[in-house]
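Here is the structure we will look at, set down as structure tokens.
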There are 2 protein chains.
Amino acid sequence: MQQSNRAGGAGARGRVLVVDDDPTVAEVVAGYLDRAGYVVDRADDGPGALTRAAAHWPDLVVLDLMLPGMDGLEVCRRMRGHGPVPVIMLTARGDEDDRILGLEVGADDYVTKPFSPRELVLRVESVLRRARPEAGTRMLSAAGLTVDPAARRATKNGTELALTIREFDLLAFFLRNQGRAYGREDLMREVWGWDFGDLSTVTVHVRRLRGKVEDDPARPRLIQTVWGVGYRFETDAGEED
Amino acid sequence: MQQSNRAGGAGARGRVLVVDDDPTVAEVVAGYLDRAGYVVDRADDGPGALTRAAAHWPDLVVLDLMLPGMDGLEVCRRMRGHGPVPVIMLTARGDEDDRILGLEVGADDYVTKPFSPRELVLRVESVLRRARPEAGTRMLSAAGLTVDPAARRATKNGTELALTIREFDLLAFFLRNQGRAYGREDLMREVWGWDFGDLSTVTVHVRRLRGKVEDDPARPRLIQTVWGVGYRFETDAGEED
DNA sequence: CTCCGACGTCCGCGTTTCGTAAGGAGCGAA
DNA sequence: TTCGCTCCTTACGAAACGCGGACGTCGGAG
């Protein structure tokens, strides 16, 4: 890797490819993004952009619409042909058509010239936040599992899990309260919101959840049974066979 | 209530902090801005500016680059340390370097001396307008969809969509809040503005919107159903069949 | 006035999910 | 080992849910 990585606490926030033929603009933008904690790559024309992208696939592209040789739209199109990548377009002020065209081609946002670098950085962060569910909202994660309460999605090693409501809530509760053992009554109260009911309901749902979450549902590692007590979500403390 | 607040019907259009060591300039600028309907705060040096800003955080700062004691750039930098605020720089004529420097620090615009107060006011309005894009007048897009809230137009892959009012608002809301799951009650509140009502209304409108927006309405990819919860607009980045 | 689009409501239908029951397996103690 | 209790697994009926189609109303355009 190259330079930067400011101590801002964010670490490497992502790789951004800046494509602009105006050295001044490129310099300013790159400087800003660098100071904001991004690893910045630069290109001054279409082919160059594609080459850089091939070498180091960026997390986001800041793309000037007016480019010598290859149109910015064309660059965007080709980039998209290689893989999904967020794009922010730099367009001339007041050129509504260009903006719409850019968005239709697949740009995720646009900034009109002249622009303030501050605004650009804000948009970069906004787009990245939107494109990467891993960051941003208060997400729960442990042992390859991720649970996004806002989006109501859960993944296991990157692949999405098809959980029902109860399963989702149950998993979310476990992730929020790791390492502690909970009786069936507790779970029934916390997850179901009931003060009484058939406790076997909990048992069955735990089993169903295990079937979707555990690598080997027959020998659960995440949702462990605490004999005579209930269950406990353990973030893979130690391996035992 | 404090001073000014012109009766122009617009009320307080925003608070502007004018920082200039030349009393004449400051007086003229402040006068014009006040007459334009802004609440104007003044400071004649860097520390003073920071103090005023701390007392009443401005919506915009008009900042002289040449300041006794603390450099205008430094003031801008420190201001930015406290929070994001648009800045218009006053620079000496023809000083290209200063302009670049100003932009690097994060100025949103610059005006070269000598300037006409009228122009400054115009720029203030322009920057403020630009700095508040979240107010709903910004273009939205995702997955080949384009929504222009200002023009009330929406396109899909370049072709215009014939959306009704409700459908448009619904789509706009989804585009503004991608990746999150919303219950029918939430949508009813956010899009319809109702606190109660038949939730099937939401269901039906989602279906109608799907019919116009989805490639295969029977198998929606954009507006996904979150079973038992509601709906979620997903950009669907990276998923292939 | 009539026609037409938009909107809200309602009603079946197919599907998914839930809760419960019942039998079998596992665990610990005597 | 055997016994007693707990947990697992499976199955199934019922309820909940979402979907599509259709209807009646309202208001604006012709």
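Only this structure's heavy atoms are used, side chains among them; waters, hydrogens and symmetry mates stay out. So that the names make sense, note that chain A is the first sequence line, chain B the second, and so on, each numbered from 1. As the structure is a computational prediction, the values presented were derived from the model and not from experiment.
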Salt bridge (Lys or Arg N to Asp or Glu O under 4.0 Å) filter on A/R210, not counting sequence neighbours, yields none

At a 4.0 Å cut-off to heavy atoms of chain A, the contacted part of DNA chain C spans C/dT17 to C/dC27

Residue set satisfying side chain to side chain contact (heavy atoms under 4.5 Å, CB included) with A/D195, at least two apart, ordered chain then number -> A/R189

The ring pair (Phe, Tyr, Trp, His ring centres under 6.0 Å) partners of A/F173 (sequence neighbours excluded) come to A/Y182

Sorted by chain and residue number, the side chain to side chain contact (heavy atoms under 4.5 Å, CB included) partners of B/V229 (sequence neighbours excluded) come out as A/R152, A/I165, B/A181, B/V226

Worksheet entry | Pairing of B/K212 and B/E167 as salt bridge, 4.0 angstrom limit | yes

Check your understanding: Would A/D109 and A/R123 pass as an ion pair if we require N to O under 4.0 Å?
Key -> yes

>> Whether B/R221 and B/E214 form a salt bridge (side-chain N of Lys/Arg under 4.0 Å from carboxylate O of Asp/Glu) is what I want to check.
In response: no

Applied to residues 172-184 of chain A, the salt bridge (charged side-chain N to carboxylate O under 4.0 Å, His left out) test, sequence neighbours excluded, yields none

Note: contacts of residues 185-202 of chain B with DNA chain C (heavy atom, under 4.0 Å) are B/W192, B/W194, B/D198, B/T201

So salt bridge (charged side-chain N to carboxylate O under 4.0 Å, His left out) across residues 196-208 of chain B, not counting sequence neighbours, yields none

One would report the end-axis bend of the helix from C/dC1-D/dG30 to C/dA30-D/dT1, five pairs per end and rounded to 10 degrees, as 20°

Residues B/T235 and B/Q178: side-chain donor-acceptor under 3.5 angstrom: yes

By salt bridge (Lys or Arg N to Asp or Glu O under 4.0 Å), B/R118 pairs with (sequence neighbours left out) none

Contacts of B/Y32 meeting ring pair (Phe, Tyr, Trp, His ring centres under 6.0 Å) (sequence neighbours excluded), chain-then-number -> none

Nucleotides 12-18 of chain D: which of its N/O atoms have a protein N/O under 3.5 Å away?
from   : atom 1 : to     : atom 2 : distance (Å)
D/dG18 : OP1    : B/R184 : NH1    : 3.1
D/dG18 : OP1    : B/G228 : N      : 3.3
D/dG18 : OP2    : B/R184 : NH1    : 3.3
D/dG18 : O5'    : B/R184 : NH2    : 3.4

